[in-house]
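Below: one structure, written as structure tokens.
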Amino acid sequence: MSWIISIVNQKGGVGKTTTAINLASSLSTFGKKVLIVDFDAQGNSSRGYGIDISLLNKTIYEALIGKYDINAIIKKTLVKNVDVAPANLRLSNFESETVGTVQDPFKILKNVLSKLTKNYDFILIDCPPSLGLLSINALSASNSALIPVQCEYFAMEGLAQVLSIIKRVQSSYNRDLEIEGFLLTMYETRSTLGKEIVSQVRGLFRENTFNVEIPRNISISESSGKGIPVNLYKPTSAGARAYMQLAKEILENESRRKEEWNCSK
Ligand SMILES: Nc1ncnc2c1ncn2[C@@H]1O[C@H](COP(=O)(O)OP(=O)(O)OP(=O)(O)O)[C@@H](O)[C@H]1O
Ligand SMILES: [Mg+2]
């Protein structure tokens, strides 16, 4: 069984896509098989793996509308254990075409993913910067939510909204949805503001905040532009090491869940 994580925050530019790309690659170095579901019409996580999305006619959109089987749209990447279900601009039609015409519009992705034939250890859903139909579909299909929080002005703004959507999904569509963790991103160690945000988030969500903070690091932004994950581009960079640390924490969460599950049997 795959563990499905939505990477979600309606605030734009907080590091959702960067986290999907680099967490996937880091998890793969521990032998894990990972699928990234690009759930944003910008197609940035597909591009981050060097996929040319402009001419693609088999994308997650076609899987959602039932034109192609999910297994037929998945692309292999340069990283052995990382596959991508790509997206492009056509995904932006999904909401207007679906609302009011489909029964159970919030469970479409869950049904699509249930048809996967390859066994992935982790599925990471890179959500768009909004809390509309796509993000609700992602959360309904997920075991947990990972929420990147940028260490910047107004970082806390909007977190209440993310949490309220998570509650809504828990009460209506997916009561087992967990919070995987809040992830502090683009942290500048020398900035006072950065330190303040870190202590605010840790103060509010201590239990649920990852220990690692992702630093603002030039190798991270350069690697995305080149279409490769940072751990292949600059393996010794602070950014690559931080995402490796995040993968370890996710794997520790996995071990803890397995232990709890064994104890409850
Ligand atoms: N740790 C980092 N260090 C340096 N640059 C970063 C870091 N994380 C992200 N960036 C850069 O910040 C920009 C926004 O990041 P990203 O695309 O991951 O955010 P996003 O939340 O997915 O945005 P959107 O809401 O538009 O989907 C990108 O140009 C990315 O390369
Ligand atoms: Mg993004």
Side-chain angles (χ1 to χ4, degrees), residues 5-26 36-51 53 59-60 84-89 91-92 94-95 124-135 137-139 145-159 161-162 165 180-191 193-195 197-198 201 210-247:
I5 306 178
S6 277
I7 303 177
V8 66
N9 189 336
Q10 85 281 17
K11 225 167 140 46
V14 297
K16 295 180 287 295
T17 299
T18 304
T19 299
I21 293 168
N22 293 303
L23 176 58
S25 181
S26 300
I36 296 178
V37 175
D38 191 343
F39 226 35
D40 185 351
Q42 299 177 93
N44 287 345
S45 50
S46 312
R47 288 199 280 207
Y49 271 94
I51 298 169
I53 55 169
T59 68
I60 190 70
V84 173
N88 62 17
L89 257 183
L91 186 58
S92 54
F94 177 65
E95 186 144 0
L124 306 180
I125 308 175
D126 179 20
C127 290
S130 65
L131 294 175
L133 184 64
L134 285 169
S135 291
N137 258 276
L139 290 167
L146 187 160
I147 304 148
V149 182
Q150 185 181 355
C151 298
E152 250 309 328
Y153 286 110
F154 312 123
M156 309 297 287
E157 195 183 77
L159 279 190
Q161 266 168 291
V162 184
I165 281 286
E180 190 78 40
F182 293 86
L183 175 67
L184 292 152
T185 61
M186 294 182 239
Y187 181 39
E188 286 176 57
T189 36
R190 276 174 298 181
S191 120
L193 174 72
K195 286 195 188 108
I197 303 287
V198 168
V201 172
F210 290 104
N211 292 323
V212 69
E213 288 133 12
I214 308 295
R216 185 179 282 285
N217 180 248
I218 185 77
S219 302
I220 290 182
S221 42
E222 281 175 2
S223 64
S224 291
K226 292 192 186 306
I228 48 174
V230 70
N231 67 331
L232 298 189
Y233 176 65
K234 288 268 169 71
T236 56
S237 63
R241 282 185 279 126
Y243 273 111
M244 206 58 91
Q245 193 56 42
L246 176 65

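Counting starts at 1 for both ligands and their atoms, in listed order. Atoms considered below: every heavy atom in the structure, side chains included; atoms not considered: hydrogens, waters and symmetry mates. Each residue takes its place number in the sequence, starting with 1.
Remark: among candidates Gly15, Ser219, Gly48, Gly12, the nearest residue to atom 19 (O) of ligand 1 is Gly15, based on non-hydrogen atoms. Of the options Val230, Thr18, Thr185, the smallest heavy-atom separation from atom 10 (N) of ligand 1 is shown by Thr18.
In this structure, Gly239 falls outside the shell of residues with a heavy atom less than 4.0 angstrom from ligand 1. Residue contacts with ligand 1 do not include Asn44, since none of its heavy atoms lies under 4.0 Å from the ligand. Within the 4.0 Å heavy-atom cutoff, Pro215 counts among the residues contacting ligand 1.
Ligand 1 has an N or O atom lying under 3.5 Å from an N or O atom of Thr17, backbone or side chain. Residue contacts with ligand 1: Asn217 is placed with a nitrogen or oxygen under 3.5 Å of a nitrogen or oxygen of the ligand (distance criterion only). For a threshold of 3.5 Å applied to N or O pairs, the pair formed by Arg216 and ligand 1 contains no separation below that value. Remark: ligand 1 and Ile220 share no N or O pair separated by less than 3.5 Å (distance only, no angle test). Residue Val14 has at least one nitrogen or oxygen atom sitting less than 3.5 Å from a nitrogen or oxygen atom of ligand 1, judged on distance alone. Residue Asp126 has no N or O atom closer than 3.5 Å to an N or O atom of ligand 1.
Counting only heavy atoms of the protein, atom 24 (P) of ligand 1 lies nearest to Gly13 N, 3.5 Å. Scanning the protein for heavy atoms near atom 25 (O) of ligand 1, the closest one is Lys16 NZ, 2.8 Å. Nearest protein heavy-atom contact of atom 7 (C) of ligand 1 is Met186 CG, 3.5 Å.
Considering only heavy atoms from C-beta on, Thr18 comes within 4.5 Å of Tyr243 through its side chain. Considering only heavy atoms from C-beta on, Val212 comes within 4.5 Å of Leu183 through its side chain. Using a 4.5 Å heavy-atom cutoff, the side chains of Leu91 and Ile60 are in contact. Met156 is listed as a side-chain neighbour of Val201, based on a closest heavy-atom distance under 4.5 Å. Inter-residue side-chain proximity for Leu124 and Ile7 is flagged as met; some heavy-atom pair is nearer than 4.5 Å.
Close contacts of ligand 1 with Asp40, meaning ligand atoms under 4.0 Å from a residue heavy atom, involve 27 (O). Ligand-side atoms of ligand 1 in range of Pro129: 25 (O), range being under 4.0 angstrom from any heavy atom. Close contacts of ligand 1 with Ser221, meaning ligand atoms under 4.0 Å from a residue heavy atom, involve 5 (N), 31 (O). Of all atoms in ligand 1, numbered sequentially from 1 with element shown, those under 4.0 Å from a heavy atom of Ile214 are 1 (N). Atoms of ligand 1 lying under 4.0 Å from at least one heavy atom of Gln42, given by number and element, are 24 (P), 26 (O), 27 (O).
Each of Ser46, Ser223, Ser45 was compared with Ile21 under the side-chain contact (heavy atoms from CB on, under 4.5 Å) criterion, and only Ser45 meets it.
One N or O on the side chain of Ser135 and one on the backbone of Ser130 form a donor-acceptor pair closer than 3.5 Å. No donor-acceptor pair under 3.5 Å is formed between the side chain of Arg47 and the backbone N or O of Gly227.
Taking a distance limit of 4.0 Å, we find that atom 4 (C) of ligand 1 is approached by some protein heavy atom. Distances from atom 30 (C) of ligand 1 to the protein include at least one heavy-atom value under 4.0 Å.
Once rounded to the nearest 0.5 Å, the distance linking CG of Leu89 with CG of Asp40 reads 10.0 Å. In this structure, CD1 on Ile214 lies 13.0 Å from CD on Gln150, to the nearest 0.5 angstrom. Remark: Met186 CE to Ile197 CD1 distance equals 12.5 Å, nearest 0.5 Å.
Residue side and main chain included, Gln42 places no N/O/S atom under 2.8 Å of the Mg ion (ligand 2).
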Requested in this report: For side-chain hydrogen bond (donor to acceptor under 3.5 Å, both in side chains), just list the numbers for Thr17 and Asn44, CA-CA rounded to whole Å, side-chain angles, deciding distance to a tenth of an Å, and then say yes or no.
Outcome: CA-CA 7 Å; Thr17 299; Asn44 287 345; 4.9 Å; no

Query raised in the report: How far apart are the C-alpha atoms of Ser6 and Phe39, what are their side-chain angles, what is the distance that settles it, and do they pass the side chain to side chain contact (heavy atoms under 4.5 Å, CB included) test?
Result: CA-CA 10 Å; Ser6 277; Phe39 226 35; over 6 Å; no

